[in-house]
Amino acid sequence: MSKALLDDLRARGLIFQVAGEEDLPRWLEGGVRTLYCGFDPTADSLHIGSLVPLLMLRRFQLAGHKPLALVGGATGMIGDPSFKSEERKLNSPEVIGGWVEKIRKQVSRFIDFDCGASSAEVVNNLDWTAGLDVLTFLRDIGKHFSVNAMIQKESVKQRIEREGSGISFTEFTYMILQSFDFAELHKRYDCTLQLGGSDQWGNITGGIDLTRRIHGSQVFGLTMPLITKSDGTKFGKTESGTIWLDAQRTSPYAFYQFWLGVADADVYRFLKYFTFLDVAAIDAIEADDAARDGRPEAQAILAREVTRLVHGEAGLEAAQRITTALFNGTLAELSEDDVLQLRQDGLPASTIDRTALPETLTQLFADAGMAASGKQVKDALGRQAVTVNDRTLGLEDNGNVAGCFAESDAVFGRFYLVRLGKKKYHLFEAG
RNA sequence: GGAGGGGUUCCCGAGUGGCCAAAGGGAUCAGACUGUAAAUCUGACGCGCGAGCUUCGGUGGUUCGAAUCCACCCCCCUCCA
């Protein structure tokens, strides 16, 4: 079982580094093992950067192990300096406390809390650090760390060596806090494996060392590779910003679209990282796509699988409804209910008042969030890139807002679907 | 506390009295080509439809005129104590 797990992870390219590589396979085969991965509250939602570790917890659980999702109520107060180029601002305890609760819920969707011995748990490291006093911390924990070793860690080296940056004692101490988490989870839950992104290697090995020193136990660490894109830009960001897991921040539709837009050069790799499809099945998809001309199937499969994982079947259906309506059909084919459903599904929408329209389209569309500024709208207008209910507008229409939103042109008497560029849609409803 | 270096438009980074809304690169947006890809080419890129308006850490000042000069303040970095 666990042999198969590690082989599968390796085949998926999900294993970057392993601490205790020789002993880990045998250890995992020997029974139900407890493992953990930490998620720090740096916002009120996780983003897709956390998806790989979240799914990793699930992969281990499916293989019969017990996952702990740690929400960093304590570490989030400090800020992880690993590979960060500069010191970060501290958020207030109240704010962080609010985020902890949201992330606790979010994390919970990915793991099973009721499956016997391998039932998951969510823990918060504030539980064992809040009551820790400075002297105890320094004497019992700090004494095990060598500053010489800590400053050698690659994760903070650039901060220490690079001209123009620096690191506060607070952030420098982060590694010790996270190390203590591992030792404490080992004591409380018999946790013996920590997962993390490759940037966590230094913090994880710190925890392994500390656990050995305090408890005399061998524990393991495993890191996942950094997700890269073939074009070198940062994964997880797009024109409209970060892709969040929270449906309030990134709608299922936008989420689905993100995956649909993955480059060919990345898509098969992402299928392995972000779905539970067999590696063999993914290879078959790739072979099919290669054998056929035109557009690959892989993006659609990836979008479907990941959206279902994160937003559920209902979220997926909503996303697909919008996608089909906007990209594969025309507005004329939609019923009134369909239009209402699109708005319900998360298609960007706003209401307009025909008696109080802004003077220009540039202002209206910029205010609706379709473009960052009126200039961009103007540019699009000048290139015939704006349509209202499938009618193309030009620069000369800019001052004629009322004419563009005439009652007679409305669908079902009140709807206008505006497209700006190839992919940006916005539904206006006359109120 | 002392000495030195630095804070420019989303990011990096030029700019040291007018020719600066500020070079160049990146990111981003739009168009062409396409497959809602990639690559490439083109245009935009402080705000404003426009006249115009508001920027170069902050506040005052010098000047006909300041991102550029002066004073004070804030913040960051390096070294010393």
Side-chain angles (χ1 to χ4, degrees), chain A residues 81 84-90 158-168 171 228-243 253-271 285-286 288-290 292-304 307 319-330 347 357-387 392-404 418-426:
Chain A
K84 302 286 191 318
S85 59
E86 52 191 48
E87 186 87 10
R88 286 182 294 170
K89 291 189 291 288
L90 293 175
Q158 65 167 102
R159 281 281 284 283
I160 291 167
E161 289 176 356
R162 184 186 161 199
E163 185 98 0
S165 69
I167 184 168
S168 66
E171 284 197 7
T228 56
K229 291 208 296 181
S230 53
D231 64 4
T233 58
K234 200 174 175 190
F235 170 75
K237 301 275 188 185
T238 180
E239 51 275 10
S240 38
T242 304
I243 305 295
Y253 162 67
F255 188 84
Y256 182 84
Q257 285 286 326
F258 169 80
W259 295 103
L260 214 50
V262 167
D264 293 3
D266 298 320
V267 71
Y268 305 102
R269 202 158 43 91
F270 286 5
L271 279 167
I285 294 167
E286 182 166 7
D288 279 358
D289 282 341
R292 195 166 14 81
D293 273 345
R295 196 175 177 180
E297 285 291 307
Q299 279 87 348
I301 297 169
L302 177 67
R304 184 185 71 213
T307 306
Q320 288 181 326
R321 267 196 302 271
I322 301 181
T323 298
T324 308
L326 298 184
F327 292 96
N328 299 340
T330 65
L347 178 68
L357 290 169
E359 282 181 33
T360 57
L361 292 174
T362 45
Q363 189 186 342
L364 177 65
F365 296 157
D367 287 351
M370 295 190 73
S373 73
K375 279 233 173 69
Q376 289 185 5
V377 177
K378 192 182 159 197
D379 183 48
L381 281 170
R383 290 159 181 278
Q384 318 298 315
V386 180
T387 66
T392 303
L393 302 182
L395 213 46
E396 68 281 2
D397 293 308
N398 191 29
N400 181 26
V401 181
C404 295
V418 176
R419 180 172 62 82
L420 192 158
K422 284 180 188 147
K423 300 185 196 174
K424 270 180 291 197
Y425 287 90
H426 196 98

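The shown structure was predicted, so the numbers you read here are calculated from the model rather than taken from an experiment. Throughout, protein chains are lettered first and strands after them, A, B, ... in sequence-line order, and every chain is numbered starting at 1.
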[N] pairs with which nucleotide, Watson-Crick or G-U wobble, both distances below 3.5 Å?
N     : answer
B/C10 : B/G26
B/C72 : B/G58
B/A3  : B/U78
B/G50 : none
B/G18 : B/C64
B/U40 : B/A32

[options]: which one has an atom nearest the side-chain heavy atoms of [X]?
X        : options             : answer
A/Arg383 : B/G35, B/C47, B/A30 : B/A30
A/Lys423 : B/U36, B/A38, B/G48 : B/U36
A/Thr323 : B/G43, B/C49, B/U36 : B/U36
A/Asp379 : B/G43, B/G35, B/G48 : B/G43
A/Leu260 : B/C49, B/U36, B/G48 : B/U36

Rounded off to whole Å, could you give me the [atom1]-to-[atom2] distance for the [X] and [N] pair?
X        : N     : atom1 : atom2 : answer
A/Lys378 : B/A30 : NZ    : P     : 17 Å
A/Glu359 : B/A51 : CD    : C1'   : 14 Å
A/Met370 : B/A44 : CE    : P     : 22 Å
A/Tyr268 : B/A37 : OH    : P     : 15 Å
A/Asp367 : B/C49 : CG    : P     : 10 Å
A/Gln257 : B/G35 : CD    : C1'   : 14 Å
A/Asp293 : B/A37 : CG    : P     : 18 Å
A/Gln384 : B/G31 : CD    : P     : 11 Å

Self-check item: Donor-acceptor pair under 3.5 Å, A/Asp264 side chain vs B/G35 base
Solution: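 Yes, the side chain and the base share a sub-3.5 Å donor-acceptor pair.
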Practice problem: Using only heavy-atom distances, decide whether a donor-acceptor pair under 3.5 angstrom links the side-chain of A/Lys375 to the base of B/G46. | Solution: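 Such a pair does not exist between side chain and base.
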Atom [atom1], compared across [N] and [M]: separation rounded to whole Å:
N     : M     : atom1 : result
B/G58 : B/U68 : P     : 10 Å
B/G13 : B/A23 : C1'   : 10 Å
B/U9  : B/G46 : P     : 13 Å
B/G15 : B/G65 : P     : 26 Å
B/U28 : B/C11 : P     : 15 Å
B/G17 : B/A66 : P     : 14 Å
B/U34 : B/C76 : C1'   : 47 Å
B/G18 : B/U40 : C1'   : 41 Å

Base, sugar-phosphate, or nothing: which does [X] touch, judged by heavy atoms less than 4.0 Å apart?
X        : result
A/Ala372 : nothing
A/Ala263 : sugar-phosphate
A/Thr360 : base

Quiz item: Which pair of heavy atoms, one from A/Leu357 and one from A/Ala402, lies closest together, and at what distance?
Solution: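 Heavy atoms only, the tightest pair is CD1-CA, 3.7 Å.
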Exercise. Mind listing the closest non-hydrogen atom pair of A/Tyr253 and A/Ala319 along with its distance?
Key: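 Smallest heavy-atom distance, with atoms named: CA-CB, 3.7 Å.
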Side chains of [X] and [Y], heavy atoms from C-beta outward: is any pair under 4.5 Å?
X        : Y        : value
A/Leu347 : A/Leu326 : yes
A/Leu393 : A/Cys404 : yes
A/Pro296 : A/Asp264 : yes
A/Val386 : A/Phe365 : yes

Quiz item: If you count the non-hydrogen atoms of other residues, nucleotides and ligands that lie under 6.0 Å from CD in A/Glu359, is the total more than 12?
Solution: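 Count not over threshold, so no.
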Practice problem: Output yes when A/Asp379 and A/Arg383 qualify as a salt bridge under the 4.0 Å nitrogen-oxygen rule, no when they do not. | Solution: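 The answer is yes: the pair qualifies as a salt bridge.
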Practice problem: Determine: side-chain N/O of A/Arg295 to OP1/OP2 of B/U36, distance under 4.0 Å, yes or no. | Solution: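 So the side-chain polar atoms of A/Arg295 do come within 4.0 Å of the phosphate oxygens OP1 or OP2 of B/U36, strictly under.
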Self-check item: N or O in side chain of A/Lys422 less than 4.0 angstrom from B/G35 OP1/OP2
Solution: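 It does not, given that no N or O in the side chain of A/Lys422 lies less than 4.0 Å from OP1 or OP2 of B/G35.
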Exercise. Specify the residue among A/Tyr256 and A/Gly421 whose closest nucleotide of RNA chain B lies further upstream toward the 5′ end.
Key: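 The residue whose closest nucleotide sits nearer the 5' end is A/Gly421.
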